[in-house]
Trainee: 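Provided herewith is a single structure, encoded as structure tokens, for subsequent inquiry.
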Protein chains: 2
Amino acid sequence: MDQDSVDLLEESAFSAHPQFASTLAHGLTVLKCFVGGASTLGNKDIAERTGLTRPTVSRLTFTLMGFGFLRRDRKTNQYALGPGVLSLGYPVLSQLALRHVAASEMLELAQFARGPISVGTRDRLQVVYVETVQGRDTNSTKPDIGSTRPMLRTAIGRALMYAHHPEDRKILSSRLKTAQPEEWEQFSSKLESAFAEIDSMGFCTVIADWRPNLAAVAVPVLAPVNGLTLALNLTVPAYATDRAQLEKSLGPRLVSLVRNAEYKLGLV
Amino acid sequence: MDQDSVDLLEESAFSAHPQFASTLAHGLTVLKCFVGGASTLGNKDIAERTGLTRPTVSRLTFTLMGFGFLRRDRKTNQYALGPGVLSLGYPVLSQLALRHVAASEMLELAQFARGPISVGTRDRLQVVYVETVQGRDTNSTKPDIGSTRPMLRTAIGRALMYAHHPEDRKILSSRLKTAQPEEWEQFSSKLESAFAEIDSMGFCTVIADWRPNLAAVAVPVLAPVNGLTLALNLTVPAYATDRAQLEKSLGPRLVSLVRNAEYKLGLV
DNA sequence: GCATGAGTTCCAAATAATGGAATGCATGTT
DNA sequence: AACATGCATTCCATTATTTGGAACTCATGC
């Protein structure tokens, strides 16, 4: 089964594959320019970032606009992502049963802990949030659906790796090792201890590995939900908690929330 | 300015345009198969729905998987939208300043009215939701970000048309007229009265034009926010309200919420 | 063990993408 | 007001890529 984990192929192996459709890839690369970069770009900027020529970019942006994936600012003639990309995400969200069965418990725990709870899945080598819930009266900003997190530095990333089938986990690890050697060097031992934590307690804890002022616990969902491998996290300001609270209170509470959701979903 | 409203071109004029990149378009058409249709499809199914041949679809799906826009179920060998599409939506959401400045007032009003409040913008000839807020203890389901609504049947659609520049509104109307002749026939007069309502009171009201058991008020945002033309709605079960409450209480409250947000955003 | 259905590979034909050069358009400058 | 600059688009010949029929492989079920 050659075609199985195309999303984990190395860039060069991917684009050299006989099945690779380069024009489609170019168009998608244009879209990617707007993710995690400038929010508006002209054809010139896109050409520079993608290595495509200006006429080519012009045709691609034209086509992407027709599908509603790009829009253009009348004033500046610059492009931005269009609302059409949101409707692509809708089926992914609405089909995710976990969001409904766990919603009220997530809100309750988020209130109690005074920090947001998120559900994440994997997009290539990153975590992407598919749901976030936050109580009222917290001053922390709620991370948006679709935002991404590094896999190795975060609690949810480590829990998410744990959630994968051993076979997939192996492929994933080896890709991370080659794609992010310095991250791997720095965090692979912490990944191992996270796995041990999860084995013994059901959750893993991270303090300040990603953001110096954040502490988090995370729990893997033990079977795929609607085909997606999932994990949940609960984050709080580092100054507002300590290891004891994380390990005695927040971690176990998040575990029981997840076990309960798994039960409701019939994953048992 | 030939390139301005490509998103409102008719299908035939779009695909015949010399700037049209057909391979990219084919790939995007494959993605669209998963929006508002079956959630999982095999290459065969995609080939049938798109009119492309199986080998072609195979290459396109391969490429889309590499970008994380499609994933594949190991068991059934069927494709589904991948988590990567969510990260495309993130910049659109996070850059939308309105979501932040209006969040707490939206929640308050949603609690009061016992119905969800949504922010919508336009994707081609539809409304697409960019934000939804719902109070606790309502039994209505909260519409998801990225879900779409018809333009002519809904209060938010009519308010959104109102929010457009007259010039754009004209183009939009004429495209709706030709693309949805029966809808236009049935609702264009209601569109006119909605405009009149908005002119005099700031909001428009719809009862049961879209869903027989839903009533809604909607308010246009009077200037684009981050380049997006917006409108807000508030929906409640039809049995739980009446025209008087909509016109005396909910409508005016939503108007003042929107005027307040516009002020905070400096749109004045 | 065989038939069926789906996905992929192969390859030659043809279509569509590509990029350098020229053109058009708008903005800001002297 | 005329000009210069920068960017987007158009044009078109070349080239590379896409394309789809046919063959092949694999899995499933009878």
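Excluded from the calculations below are hydrogen atoms, water molecules and symmetry mates; all remaining heavy atoms, backbone and side chain alike, are included.
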Trainee: Does the cation-pi check pass for B:R59 over A:F20, that is, NZ or CZ under 6.0 Å from the six-membered ring centre and within 45° of its axis?
Mentor: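 Output no; distance or angle outside limits.
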Trainee: On the nucleotide D:dT9, are OP1 or OP2 found under 4.0 Å from the side-chain N or O atoms that B:Q19 carries?
Mentor: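 No, no such contact exists.
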Trainee: The side chain of A:N77 lies closest to which of these nucleotides: C:dG19, D:dA8, C:dA17?
Mentor: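 Output: D:dA8.
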Trainee: For the side chain of B:S22, counting heavy atoms from C-beta on, which of C:dA17, D:dT17, C:dG7 is nearest?
Mentor: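 So the nucleotide nearest the side chain must be C:dA17.
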Trainee: Quick one: on DNA chain C, does A:P18 or B:L24 contact a more 5' nucleotide (nearest heavy atom)?
Mentor: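 The residue closer to the strand's 5' end, by nearest nucleotide, is A:P18.
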Trainee: What is the distance, to the nearest angstrom, from the CD atom on B:E48 to the P atom on C:dG7?
Mentor: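 So the two atoms are 10 Å apart, to the nearest Å.
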Trainee: Rounded off to whole Å, could you give me the CG-to-C1' distance for the A:L60 and C:dA16 pair?
Mentor: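 In whole Å, C:dA16 C1' lies 13 Å from A:L60 CG.
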Trainee: Of all the nucleotides listed (C:dG19, D:dT9, C:dG7), which has the minimum atom distance to the side chain of A:T53?
Mentor: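 Among the listed nucleotides, the one closest to the side chain of A:T53 is C:dG19.
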Trainee: With respect to the side chain of B:T23, which nucleotide from D:dT18, C:dG20, C:dG7 is positioned closest?
Mentor: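 From the listed options, D:dT18 comes nearest.
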Trainee: Output the rounded distance in Å from CZ (B:R54) to P (D:dA22).
Mentor: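 The answer, rounded to whole Å, is 12 Å.
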Trainee: Kindly confirm or rule out a cation-pi arrangement of B:K177 over B:F187, judged by NZ or CZ under 6.0 Å from the six-membered ring centre and within 45° of its axis?
Mentor: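 The answer is no; the distance or angle limit is not met.
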Trainee: Taking only the side-chain heavy atoms of A:R72 (C-beta and beyond), determine which of C:dT18, D:dT9, C:dT8 contains the nearest atom.
Mentor: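 Given the options C:dT18, D:dT9, C:dT8, the side chain of A:R72 is closest to D:dT9.
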Trainee: Send over the distance from A:F20 CZ to C:dT8 C1', rounded to a whole Å.
Mentor: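 For the pair A:F20 CZ and C:dT8 C1', the rounded distance is 18 Å.
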Trainee: Starting at atom CD of A:Q78, determine the distance to atom P of C:dT27, rounded to an integer number of angstrom.
Mentor: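 Interatomic distance, CD of A:Q78 to P of C:dT27: 14 Å.
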Trainee: To the nearest Å, give me how far apart CG (A:L52) and P (D:dA8) are.
Mentor: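 That distance rounds to 14 Å.
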Trainee: As a test of reading the structure: which of C:dG19, C:dA17, D:dT9 is closest to the side chain of A:R59, going by heavy atoms?
Mentor: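 Comparing C:dG19, C:dA17, D:dT9 against the side chain of A:R59, the answer is C:dG19.
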Trainee: Nearest to the side chain of A:S58 - D:dT9, C:dG7, C:dT18?
Mentor: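 The listed nucleotide nearest to A:S58's side chain is D:dT9.
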Trainee: Taking atom P of C:dG5 as reference, at what distance in whole Å does atom CG of B:L41 sit?
Mentor: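 Whole-Å distance recorded here is 19 Å.
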Trainee: Would you say the side-chain atoms of A:T63 pair up with the backbone N or O of B:A21, donor to acceptor, closer than 3.5 Å?
Mentor: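 Present.
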Trainee: Of the listed nucleotides (D:dT19, C:dG19, C:dT8), which one gets closest to any side-chain atom of B:H26?
Mentor: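 Per side-chain heavy atoms of B:H26, the pick is D:dT19.
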Trainee: If I take atom NE2 in residue B:H17 and atom C1' in nucleotide C:dA17, what distance separates them, rounded to the nearest angstrom?
Mentor: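 Spelled out: NE2 on B:H17 to C1' on C:dA17 is 16 Å.
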Trainee: Go through it in stages, so that I can follow the logic: the residues are A:C204 and A:F195, the test is side chain to side chain contact (heavy atoms under 4.5 Å, CB included), and I'd like the CA-CA distance, side-chain angles, deciding distance and then a yes or no.
Mentor: CA-CA 7 Å; A:C204 67; A:F195 283 8; over 6 Å; no
Trainee: Taking atom types as modelled and ignoring hydrogens, do the side chains of A:R122 and A:H164 form a donor-acceptor contact shorter than 3.5 angstrom?
Mentor: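 Yes, a side-chain donor-acceptor pair sits under 3.5 Å.
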